[in-house]
Structure formats: C-alpha cells, structure tokens
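Order of the sequence lines fixes the chain letters, A, B, ..., with proteins taken first and strands second; residue numbering starts at 1 for each chain.
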Number of protein chains: 2
Amino acid sequence: MTTRIQMRNRARILDAALEVFSQQGFRGATLDQIAAVAGLSKPNILYYFDSKEAMHRALLDALLDVWLAPLRALNPQGNPQQEIIGYMRRKLELSRDYPRESRLFANEVLQGAPRLSDEISGGLKSLVDDSAAIFQRWIDAGRLPPLDPYHLIFSIWALTQHYADFGAQIRLIRDGADPLDGADAYLEALFTRLLAV
Amino acid sequence: MTTRIQMRNRARILDAALEVFSQQGFRGATLDQIAAVAGLSKPNILYYFDSKEAMHRALLDALLDVWLAPLRALNPQGNPQQEIIGYMRRKLELSRDYPRESRLFANEVLQGAPRLSDEISGGLKSLVDDSAAIFQRWIDAGRLPPLDPYHLIFSIWALTQHYADFGAQIRLIRDGADPLDGADAYLEALFTRLLAV
DNA sequence: AATATTCTTGACTGGTTGGTCAGGTCTGTT
DNA sequence: AACAGACCTGACCAACCAGTCAAGAATATT
C-alpha cells in the first residue's frame with residue numbers, strides 16, 4: 001500500500017535529489033544536501049529510498065521516458081522539414097521545461113555514461129537508428145538535402161540541450177537574461193535554411 | 001628556481017588532475033585518484049600544489065587561453081562565411097585535440113560556473129560582444145543572412161563542443177566509432193547552408 | 001666528500017560521508 | 001480508546017576525505 005504521505009515525500013525527495021544531482025553530479029552530491037533541500041532528515045530520506053544510488057536510479061529511469069518521447073513522435077509519412085523542425089521544437093521545450101533533467105543527463109554522459117550505457121546502446125540507439133533510416137529515405141527521395149542523418153540528430157541535440165546545460169554561461173554573457181530568449185526563432189531559421197532542398 | 005623534476009612532476013600532476021576533474025567534476029574528484037593517475041603519492045602532489053583547489057585553478061587558467069584563442073583570431077576584414085566557418089573549424093579542432101579540457105569546462109558551467117563567473121562575464125563576454133558586433137556589421141552590409149549574432153556564436157559552441165562533451169553517448173550510438181567521424185564535413189555543409197546570403 | 005637544498009613518504013588528524021539502528025511519534029482502523 | 005502499522009529521529013559507525021608533519025632519500029652545489 002502506498003499512502004498519501006509516501007507519495008508526497010517520495011516526490012519531495014526526488015525533486016530535491018534532481019536539484020542536487022543535476023548541479024553537483026552523483027559523486028559531488030551528498031545525502032545531507034538532498035535531505036536539506038527536501039526539508040526532511042537524512043535517515044528519513046533513506047527510509048523512502050534504500051540508498052543514494054537508488055535515488056539516482058529512480059531519476060534516470062523517469063528521465064529516459066521523457067527524453068525519448070520527442071523522437072518517438074516522428075512521423076515517417078509527414079513532411080520532412082516540418083517533422084524535423086517539430087522534433088527540434090519538442091527538444092527545445094524540454095530544455096525550457098526540464099533544464100534540471102537535461103543537466104542530470106549531461107552530467108551522466110560527461111562522466112562516460114557509466115549508469116546509462118545499457119539504455120543508450122539499447123533503446124536510444126535503436127530509436128536513433130530508426131530515425132536515421134527515415135531521414136535517409138527522405139534524402140533518397142530528394143525531399144531532404146544529403147546531410148548525414150546521424151549528425152543531423154546529434155546537431156539537434158547539441159543545439160537544443162546547450163540552452164539548458166550551458167544556461168549559466170549564456171546568462172552571464174547576456175547580462176542575466178533568460179538563455180532561451182530568441183532561441184525558438186533562431187533555431188527555426190537555422191533548420192529552415194539547413195533543410196531546404 | 002624551477003628544477004627539471006618540478007617541471008616534470010607539475011606537468012604530470014596537472015595531466016592527472018585534468019583526467020580526473022574532467023570525468024568526476026571538482027567535488028567528485030579525490031586527491032587519491034589524482035595521485036594514483038599521476039603515479040605519485042598524495043603528500044607529494046600536495047608538495048607541488050597547495051590544495052585540490054589550486055590544481056583546479058591552475059587547470060582553468062591554462063584552459064581559458066586555449067579556449068578563447070579561436071574567437072580572437074576572427075578577422076573583421078575577412079570574408080564573413082570563411083571567417084565564421086574558420087572559427088567553427090578551430091573550435092572543432094579543440095574538441096578533437098582537447099576533449100578533456102572541453103569536459104572540464106562543461107562540468108564547471110553545468111555546476112553554475114561558480115569558479116568561472118568572473119572570467120566569463122569579464123573577458124569572454126567582451127570578446128563575444130565584439131564578435132557579435134562584427135557579425136552584425138556583416139549582416140547590415142548584406143554579407144550575412146539576418147541571424148541573431150549571439151545565437152550564432154552559441155550554436156557554434158553547441159555544435160562543436162557536443163562532440164567532446166557527449167562523446168560517450170555518440171560512441172555508444174555509433175558502435176564505438178570516433179565521435180568526430182564525419183563531423184567536419186557535416187558541420188561545413190551545415191554552416192555553408194546557414195550562412196549563404 | 002661534505003653540505004645544503006629539494007624531493008618524497010608513512011603515519012597521522014579532524015572533519016565529512018553514506019548508511020544503520022533502537023526506540024519514539026504519528027495516523028488510520030476497529 | 002486501543003491497537004497495528006507506518007513514519008520519523010538522535011545517536012552512532014566505519015570508511016573516506018583533504019591536508020599536515022617529521023623525518024628520511026635523492027639531488028645539486030661547493
């Protein structure tokens with residue numbers, strides 16, 4: 001049985017853990033920090049999660065679903081330009097709405113993806129392979145310029161996630177403004193030019 | 001006086017520290033790890049650097065010069081397309097030749113750039129402002145399409161650094177191949193299309 | 001060869017970390 | 001009200017952490 005208190009506290013803990021892990025990385029984060037942010041005692045957060053590792057695991061599992069959703073929504077029957085720009089927009093929305101998740105993922109990959117290698121070389125890889133095949137068919141049909149499909153996907157990731165992962169840098173350069181100011185319009189212009197046949 | 005032994009050991013320590021910091025972040029790295037990678041004892045590496053902090057500081061200081069060099073080389077009198085693509089190429093070379101430095105920087109910015117905010121809002125910002133002004137003049141002269149100069153710079157950073165910072169992910173998706181395989185050609189095609197008037 | 005200097009280390013310290021545990025408190029049910 | 005189960009905590013522990021130190025080993029200078 002899951003009680004109301006369990007629901008509330010588990011959510012609080014995961015939110016606090018996300019806050020701390022995404023900023024400090026796994027090794028850099030401490031249970032004391034997480035407990036403080038969650039407003040609970042350290043033994044109490046360990047009552048809800050077996051270990052620091054378990055909290056991290058729970059966050060990564062929840063993250064992957066959200067992360068892969070935009071790529072899944074790609075429609076092979078649609079218009080190539082609209083589909084790819086739509087994908088880019090959905091990824092950019094993730095950077096806007098879930099910057100902490102983006103940084104958690106970035107932290108993990110920066111460290112060599114030790115806890116994500118199975119998921120990446122499994123589910124993510126096959127999803128990327130499928131999408132690359134769709135792009136290739138569009139290219140073969142002359143509906144897209146002859147751009148390497150894998151690099152095209154990587155460039156969408158790079159351009160959109162950059163606004164979340166390097167937001168601190170952009171904010172410092174742009175006098176504290178929201179990093180995503182003007183990003184929509186710029187990226188739309190970029191991909192419109194890039195994908196024109 | 002700096003002796004030969006000092007030169008050799010300082011270099012060894014900084015190389016080891018770069019290896020560990022770039023993978024684990026500042027808090028996640030330990031002096032024992034750094035000492036082990038350097039092949040020296042922990043008290044010995046502390047004989048050459050006052051503290052863990054000092055090693056990190058030394059790395060960041062050395063990094064910034066290398067990091068800003070490509071942007072400094074921009075020539076306002078040159079051909080816009082060639083200049084920007086040249087800048088992109090130099091940044092991509094940094095990702096190829098100094099991936100650990102790229103990840104060190106990424107780790108730092110991910111954590112909110114606590115030890116780099118002065119350098120970013122100082123030297124880097126003014127360099128970016130100057131470059132953006134050059135781009136804007138090119139745009140006003142009709143020699144570049146009307147793209148936001150700041151976002152243009154950010155997109156160069158995003159696209160090139162991605163290959164170093166997210167290299168682990170790319171390697172997993174591309175069956176262990178060098179992440180930078182084909183990146184040159186792809187990015188050249190991308191920027192050629194993007195910057196055409 | 002003798003001396004001064006630089007280099008290196010084992011053993012240590014005070015503080016932090018992830019995690020445990022016994023016992024107390026709160027909450028829902030009868 | 002009384003009981004069971006869920007919830008919470010102070011005190012604790014062993015492992016790990018950055019950094020110190022005294023003394024020995026290696027090197028350079030005379």
Looking only at heavy atoms, what is the nearest atom pair of A/K125 and B/L172, with distance? CD-O, 3.9 Å
Figure out the NZ/C1' separation between A/K52 and C/dT20, and round it to whole Å. 17 Å
Mind calculating the distance between CG (A/L46) and C1' (C/dT20) to the nearest angstrom? 9 Å
Around B/R8, counting heavy atoms of other residues, nucleotides and ligands shown, do more than 12 lie under 6.0 Å from its CZ? yes
Given side chain to side chain contact (heavy atoms under 4.5 Å, CB included), test B/L187 with B/Y163 step by step and report yes or no. CA-CA 11 Å; B/L187 289 184; B/Y163 287 102; 4.2 Å; yes
Measure the distance from CD1 on B/I45 to P on C/dC7 and round it to the nearest whole Å. 16 Å
Which nucleotide, C/dG18, C/dT27, D/dC17, lies nearest any side-chain atom of A/I5? C/dT27
Calculate the interatomic distance between B/R12 atom CZ and C/dT8 atom C1'; express it in whole Å. 13 Å
Which part of the nucleic acid does A/F49 contact within heavy-atom distance under 4.0 Å: base, sugar-phosphate only, or nothing? nothing
Are any of A/Y48's side-chain N or O atoms less than 4.0 Å away from OP1 or OP2 of D/dC8? yes
Output the rounded distance in Å from CD1 (A/I34) to P (C/dT17). 12 Å
Given ring-ring contact (aromatic ring centres under 6.0 Å, His included), test A/F49 with A/H56 step by step and report yes or no. CA-CA 10 Å; A/F49 290 89; A/H56 197 250; over 10 Å; no
Counting just side-chain N and O atoms, does A/Y47 come under 4.0 Å of either OP1 or OP2 of D/dC8? no
Between A/N9 and D/dA6, is there a side-chain N or O to OP1/OP2 distance below 4.0 Å? no
Quick one: is C/dT6 close enough that its OP1 or OP2 comes under 4.0 Å of any side-chain N or O from B/Q6? no
Rounded off to whole Å, could you give me the CD-to-P distance for the A/E53 and C/dG19 pair? 9 Å
Stepwise side chain to side chain contact (heavy atoms under 4.5 Å, CB included) test for B/W138 and B/I84: CA-CA 11 Å; B/W138 284 337; B/I84 294 174; 4.2 Å; yes
Hey, does A/R27 reach any base, or is it just sugar-phosphate, or nothing, if we go heavy atoms under 4.0 Å? sugar-phosphate
Give one of base, sugar-phosphate or nothing for B/A29, where a contact means two heavy atoms less than 4.0 Å apart. sugar-phosphate
Please report the interatomic distance CG(B/L152) to OH(A/Y186), rounded to the nearest 0.5 Å. 4.5 Å
Which whole-number value in Å describes the distance from B/D32 CG to D/dA15 P? 15 Å
What class does the angle between the rings of A/F154 and A/Y150 fall in, given that below 30° is parallel, 30 to 60° is tilted and above 60° is perpendicular? tilted
So, with a heavy-atom separation below 4.0 Å from DNA chain D, the residues of residues 36-44 of chain A are A/S41, A/P43, A/N44
Under 4.0 Å, heavy atoms only, any strand: does B/A54 hit a base, just the sugar-phosphate, or nothing? nothing
Using a cut-off of strictly less than 4.0 Å, decide whether B/T3 has a side-chain nitrogen or oxygen near OP1 or OP2 of C/dC7. yes
Is any NZ, NE, NH1 or NH2 atom of the basic residue among A/E119 and A/R57 found under 4.0 Å from an Asp or Glu carboxylate oxygen of the other? yes
If I take atom CZ in residue A/R8 and atom C1' in nucleotide D/dA6, what distance separates them, rounded to the nearest angstrom? 13 Å
From D/dC17, C/dG28, C/dC7, nucleotide with atom closest to A/R4 side chain: C/dG28
